[in-house]
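What follows is a set of notes on a single structure, which appears directly below.
Just so you know, ligand 1 is whichever comes first in the structure, and atom 1 is the first atom listed for that ligand. Numbers here are sequence positions counted from 1. As a basis for the values below, the full set of heavy atoms in this structure was taken, side chains included, without hydrogen atoms, waters or symmetry mates.
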Amino acid sequence: MTKALLIIDYTNDFVDDKGALTCGKPAQELEDYIVKTAQDFYSNGDYVILPTDTHFENDVFHPEHKLFPPHNIAGTWGQKLYGKLDEWYQEHQADEKVYQFAKNRYSAFQNTNLENFLRERGIKDLYLVGVCTDICVLHTAIGGYNLNYQLTILKDGVATFTDNGQEWALEHFKNSLGATVE
Ligand code: ZN
């Protein structure tokens with residue numbers, strides 16, 4: 001069955017020490033694993049999808065405006081994919097099976113054509129990596145759950161700000177969203 005790897009928000013602002021909303025070291029430690037997993041999916045003929053948080057400066061109507069410092073502003077360094085994943089993406093972006101798109105909410109399903117993209121291609125099996133485990137990865141998993149996708153969370157490929165948040169989210173994926181956590 002065709003599968004898709006969703007690499008969520010693995011960008012400079014969320015990962016790099018100089019990022020505006022960084023998870024820091026736990027996120028940086030995912031770099032090799034995420035790139036290797038992307039390459040494995042790609043080599044296997046499966047899809048690699050990169051939903052990427054995208055905001056605009058001084059967007060006072062956006063609900064995150066009150067919650068977080070400005071981050072992932074369209075076209076900036078902060079919105080670019082982090083480190084070796086950016087290199088991997090530059091090499092493979094022309095391929096039809098590699099798909100990056102902008103999202104403007106935590107869930108990659110909200111306000112995007114992700115569901116159409118998956119349905120058109122008969123993809124029912126989603127594997128999630130990226131950041132933050134208990135925010136955008138969580139909300140994307142909830143979106144997928146509500147649309148009856150099979151979910152696997154690759155625990156070596158997700159990170160967030162706190163250990164509590166990480167542990168809670170991994171339990172929630174398993175116990176409330178029926179996801180495989182491996
Ligand atoms: Zn955001």
Inset, instruction - Tell me whether D9 has at least one N, O or S atom under 2.8 Å from the Zn ion (ligand 1). - result: no
Inset, instruction - Could you tell me whether the side chain of S107 and the main chain of R105 form a donor-acceptor pair under 3.5 Å? - result: no
Inset, instruction - Quick one: report the N, O or S atom of D53 that is nearest to the Zn ion (ligand 1). - result: OD2
Inset, instruction - For the residue pair F117 and Y47, categorise the inter-ring angle as parallel (less than 30°), tilted (30 to 60°) or perpendicular (more than 60°). - result: perpendicular
Inset, instruction - Compute the angle centred on the Zn ion (ligand 1) spanning NE2 of H55 and OE1 of E64, and express it rounded to 10 degrees. - result: 90°
Legend entry - Polar contact flag, side-chain donor to acceptor under 3.5 angstrom, Q28-E31: no
Legend entry - Candidates F173, Y149, F41 - the one meeting ring-ring contact (aromatic ring centres under 6.0 Å, His included) with Y127: F41
Legend entry - Presence of N, O or S from H71 under 2.8 Å of the Zn ion (ligand 1): yes
